[in-house]
Structures are given as structure tokens and as C-alpha cells.
Amino acid sequence: MEYFFKYNLLDDDPDEIAKFFYHAKPLDRTQMRYYLKSRPEVLDSLINLQDFGNQSLPGALRQFFRLLEAPNTWDPYLHLMVEKFAARFARCNPNGSLSNYNPETIYVLCFSLIMLSVDLANPKIRNKMSKREFIRNVRRALLRMDDDLYGHLYDDIYQKGHLASCQTKQGKA
């Protein structure tokens with residue numbers, strides 16, 4: 001990025017950098033992740049460029065992880081990414097099926113889906129999480145009964161696959 005700034009090819013402005021990341025294909029997603037980790041204001045701008053309106057939560061997460069590479073570990077950056085995603089998803093869907101869920105609740109649902117996705121996609125895990133276990137776990141985490149929704153979320157991951165499938169090919173979760 002310093003090269004772009006040095007030769008005035010790009011302004012050192014979070015919105016301009018985000019637009020560059022969003023429209024320039026293909027960029028090295030790992031390098032982009034390292035840069036965004038050091039510049040959270042650019043991550044904000046990049047997430048705000050995405051439209052998650054009228055999408056299911058798993059579908060929106062898949063779109064999100066196609067653009068942004070998730071870290072290999074459960075680190076603070078992953079939590080920051082999901083927190084910002086959940087807030088954006090809530091803003092994009094004021095009248096959707098999750099409109100009565102606040103961003104904090106969507107955040108918990110996102111992590112539940114990420115963990116389910118990793119569980120179902122990881123060949124090293126022999127005893128995969130069942131639909132009943134997923135529903136029970138989410139209900140406990142949210143202290144909220146919405147078994148039909150949780151069941152649909154499980155079915156989406158089970159039928160359509162990993163949320164970050166483009167990363168699993170490279171051995172990443």
C-alpha cells in the first residue's frame with residue numbers, strides 16, 4: 001500500500017482504500033487481511049460497501065468470507081470482523097427474518113454458524129453436531145426459543161456447505 005500512497009495512485013483514506021480492495025481483483029486475501037488487521041477503519045469502510053439486504057444470514061456470511069479471509073485462529077481480529085459484519089447485516093435487513101434480533105444476538109448466531117460450519121467440514125471431527133444439538137446450543141447461548149429459525153440455519157450449513165469454502169481448499173477454517 002505504501003507504493004500506492006508514495007506514487008499518488010491511491011489516497012491514504014479509509015474509504016478510498018476500501019473501494020480499491022472491494023473492486024480490485026484478484027488481490028492476495030492474506031495480505032489484505034494483515035493490512036485490515038492493522039487498519040480497522042478501512043475494515044469498517046469495506047464492510048459498509050457490502051449489501052447484505054434480503055439475504056439469509058449464512059448466505060451473507062458466505063458473501064462476506066468470499067471477500068475477506070478469516071484468520072486461521074480464534075483471535076481478536078475474527079471477533080472484530082464478525083462484530084462489524086453483524087452490525088452491517090442488521091442495518092441491511094431492518095425488515096428481514098432477523099429484524100427482531102439486535103446486532104449482539106446476530107453476532108452470537110454468526111459464531112454458532114461458524115463453529116457448526118467448521119464442525120461439519122472438518123474431516124478430523126468424527127461425531128458431527130446434530131441438528132438437535134445445534135438448536136439446543138443456540139437456544140442456551142441466546143436464552144431465546146426460535147427452534148424453526150435455528151433449524152433452518154443448521155439445514156443451510158448442512159446442505160450448502162462451509163461458510164468459508166474458498167478457504168477450506170487452502171486448509172484454512
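Every value quoted in this text rests on a predicted model; they were computed, and no experiment measured them.
By the 4.5 Å heavy-atom criterion applied to side chains, Asp119 and Glu133 are not counted as neighbours.
Note: Tyr107 and His79 have tilted aromatic rings, judged against thresholds of 30 and 60 degrees for the angle between ring planes. Note: Phe64 and Phe52 have perpendicular aromatic rings, judged against thresholds of 30 and 60 degrees for the angle between ring planes.
Judged by distance alone, with hydrogens and angles left aside, the side-chain atoms of Tyr154 form a donor-acceptor pair with the main-chain N or O of Met129 at under 3.5 Å. Looking only at distances, a side-chain donor or acceptor of Asn48 sits under 3.5 Å from a matching main-chain atom of Asp44. Listed for the Lys160 side chain is no donor-acceptor partner under 3.5 Å among the backbone atoms of Asp155.
Leu43 contributes atom CG, which lies 12.0 Å from atom CD1 of Ile17 (distance to the nearest 0.5 angstrom). Separation of atoms CZ (Phe89) and CG (Leu57) is listed at 5.0 Å; rounding is to 0.5 Å. A distance of 10.0 Å separates CG of Asn93 from CZ of Arg88, quoted to the nearest 0.5 Å. Here the straight-line distance linking atom CD1 of Ile135 with atom CG of Asp146 works out to 10.0 Å at 0.5 Å rounding. Remark: Arg62 CZ to Gln55 CD distance equals 10.5 Å, nearest 0.5 Å. Of the inter-residue distances, the one linking Arg29 atom CZ with Leu67 atom CG reads 7.5 Å to the nearest 0.5 angstrom.
With no hydrogens or angles considered, a side-chain donor-acceptor pair links Thr105 and Asn102 at under 3.5 Å.
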Let me see the working for Glu104 and Val108 under side chain to side chain contact (heavy atoms under 4.5 Å, CB included), right down to the final yes or no.
CA-CA 7 Å; Glu104 292 80 19; Val108 172; over 6 Å; no
Applying side chain to side chain contact (heavy atoms under 4.5 Å, CB included) to Met1 and Phe4, what does each step give before you reach the verdict?
CA-CA 5 Å; Met1 294 306 298; Phe4 290 109; 4.2 Å; yes
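The shortest non-hydrogen separation linking Pro103 to Ala87 is CB-CA, 4.0 Å.
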